[in-house]
J.: 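Can you read through this structure? Questions will come right after.
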Amino acid sequence: MFKKILIANRGEISLRVIRTCKEMGIRTVAVYSDADETSLPVRYADEALNIGKPLSRKSYLNIDNIIQAAKESGADAVHPGYGFLAENHSFARACEENGLVFIGPSHRTIAAAGDKSAARRAVSDLGIPVIPGGLDVVRSEAEAIAMARDLGYPVMIKAAGGGGGRGIRVVNDDSELGWALKNASGEAGAAFANPDVYVEKYLEKPRHIEIQILGDKYGNYVHLGERECSIQKRYQKLIEETPSPFLDQDLRRRMGETAVQVARAVEYVNAGTVEFLVDKQKRFYFMEINSRIQVEHPVTEMVTGEDLIARQILIAAGHELDLRQEDVNLNGWSIECRINAEDPDDEFMPCPGQIHGLILPSGPGVRVDTHIYETYEVPPYYDSLICKLVVWANTRNMAIRRMGRALSEFQVEGIKITAPFHARVLKDAGFIAGDINTRFLETFDGGNGIRGSE
């Protein structure tokens, strides 16, 4: 087992990894930018090293600085968290070349699976339906226009090497494509250090459903059910739940088996997700593989009793997966709300600043994954996620009511947060009925009135 793990990330995911490491008896090293010097990961880790200035490219995206910190600290493994360099095959390779175990897939698998266009190509070869679109990255505006015309508008420009809603633009005609291509590529390059993008058909009102998979180097694979991720704004997930209110047992089985088939095909080792879009007729289409731990992994932990971070560490350390598909039991219902430092009444504008008057939810069935505290300064340089509020209950209706209660307890002064918005969504008739899709919020009255989805 590893003696010391460096967490190449920040915020709540860094703290999440530190906590599991402590429970496993593993020492931890936090890295931090100048903006995060007073963060909880710095306080709770056994060691902490500064890796640069606040801008991500000078700190959390700086491979050389992170590798140097790992070597200086004597860490024998690196956990990338999610975002930043988590799906960067160059970073995974740099870890391996410097004698560090990368807690995730190999750099070769990330290149095949983490590159969305390459993954689409590999899955298409298996005969699994993929969203219509290009199987390679686009190299010019003319190439993108030709592809878009062939597919038929609207289309999506999507980042090939990242996730989290970044590097995505919807294009309705030729006149929008050049701008969208430039902006999506620029955003992808800034967020993932990879500007490559590809084109795919924009599907109308599908559900976004992902399957959590685990695989080890001995060829053992399992899936841990699905997560419904359809409540999104600007292609970023806001509310996730498991199980999905849409899937029946047969569709759940078929999608799970397909996810495992995909994982085997790319020789995926560690934790990851296979992402699908599902239409009203319950036809599912492969979208991408996310070769990292997901933001929404806690809901799966709540219904399975598994610690996915611990599973990641054990697999990376060479342990055989002691979990078989028949051992996976989904118990109850779990919902996660991503609470961001944003003003939902002002186009979700980021609201950095100092936190005062903080009261976090608690009580039966409530889990709070956060790195904030009284007087914490939310920096303006990074993603605005400040808390993952998670609940568990026996049924979906009870989970919705429990989440409503938890959201009502969340109090903070000094910044705006999205908790009131989440509370309104949970009261929506369409959401309560499970009648949701990726365009749900376009038909949701986000003001004081509440009305159902289309």
J.: With a 4.0 Å cut-off on N to O distance, would you call Asp150 and Lys201 a salt bridge?
T.: no

J.: Answer yes or no: is there an ion pair linking Glu226 with Arg207, defined by an N-O contact shorter than 4.0 Å?
T.: no

J.: Rounded to the nearest 0.5 Å, what separation is found between the CD1 atom of Ile209 and the CG atom of Leu247?
T.: 4.5 Å

J.: Taking the basic N atoms (NZ, or NE/NH1/NH2) and the acidic carboxylate oxygens, is any pair closer than 4.0 Å for Asp174 and Arg149?
T.: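 Counted as a salt bridge, because a side-chain N and a carboxylate O are separated by less than 4.0 Å.
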
J.: Are the side chains of Leu358 and Phe410 in touch, meaning some heavy atoms are under 4.5 Å apart?
T.: yes

J.: In Å and rounded to the nearest 0.5 Å, what is the CZ to CG distance from Arg292 to Asn270?
T.: 13.0 Å

J.: When rounded to the nearest 0.5 angstrom, what distance separates CD1 in Ile436 from CD1 in Ile239?
T.: 8.5 Å

J.: How far apart are the C-alpha atoms of Lys237 and Glu210, what are their side-chain angles, what is the distance that settles it, and do they pass the salt bridge (Lys or Arg N to Asp or Glu O under 4.0 Å) test?
T.: CA-CA 12 Å; Lys237 303 165 187 173; Glu210 64 190 24; 2.8 Å; yes

J.: Which heavy atom in Ile315 sits nearest to a heavy atom in Asp216, and how many Å separate them?
T.: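 Looking at all heavy atoms of both residues, the shortest contact is CG2-CA, 4.1 Å.
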
J.: Can a salt bridge be assigned to the pair Arg253 and Glu257 using a cut-off of 4.0 Å between side-chain N and carboxylate O?
T.: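 Between Glu257 and Arg253 there is a salt bridge, with a charged N closer than 4.0 Å to a carboxylate O.
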
J.: Looking at Arg227 and Glu240, is there a salt bridge between them, counting it only when a charged N and a carboxylate O are closer than 4.0 Å?
T.: no

J.: Under the side-chain contact (heavy atoms from CB on, under 4.5 Å) criterion, do Ser230 and Phe440 qualify, and how do the steps go?
T.: CA-CA 8 Å; Ser230 297; Phe440 174 87; over 6 Å; no

J.: With the threshold set at 4.0 Å, does a side-chain nitrogen-carboxylate oxygen contact exist between Arg338 and Glu296?
T.: yes

J.: Short question: side chain of Arg402, backbone of Pro364 - any donor-acceptor pair under 3.5 Å?
T.: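 Side chain of Arg402 to backbone of Pro364: a pair is present.
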
J.: Passes side chain to side chain donor-acceptor pair (under 3.5 Å), Arg252 versus Gln249? Steps please.
T.: CA-CA 5 Å; Arg252 178 173 295 111; Gln249 283 298 105; 2.5 Å; yes

J.: Between Val31 and Leu6, is any pair of side-chain heavy atoms under 4.5 Å apart?
T.: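 They are in contact (side-chain heavy atoms under 4.5 Å apart), so the answer is yes.
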
J.: Applying side chain to side chain contact (heavy atoms under 4.5 Å, CB included) between Ile131 and each of Glu288, Glu200, Lys158, Met156, report the one that passes.
T.: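 Going through Glu288, Glu200, Lys158, Met156 one by one, the side chain to side chain contact (heavy atoms under 4.5 Å, CB included) with Ile131 is satisfied by Glu200 alone.
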
J.: Kindly compute the distance separating CZ (Arg57) from CG (Asn62), expressed to the nearest 0.5 Å.
T.: 11.0 Å

J.: Run the numbers on Asp383 and Arg166 for salt bridge (Lys or Arg N to Asp or Glu O under 4.0 Å), then give the verdict.
T.: CA-CA 11 Å; Asp383 187 275; Arg166 289 182 170 80; 3.1 Å; yes

J.: Between Glu204 and Arg439, is the closest basic N to carboxylate O distance under 4.0 Å?
T.: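 Salt bridge: yes.
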
J.: Take Thr395 and Asn397 through the test side chain to side chain donor-acceptor pair (under 3.5 Å) and record every step on the way to the result.
T.: CA-CA 6 Å; Thr395 66; Asn397 285 341; 5.7 Å; no

J.: List the steps, then state whether salt bridge (Lys or Arg N to Asp or Glu O under 4.0 Å) holds for Arg254 with Asp248.
T.: CA-CA 10 Å; Arg254 290 189 290 116; Asp248 53 39; 5.8 Å; no

J.: Got a second to check how far Arg424's CZ is from Thr418's OG1, nearest 0.5 Å?
T.: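 Spacing of CZ (Arg424) from OG1 (Thr418) equals 10.0 Å.
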
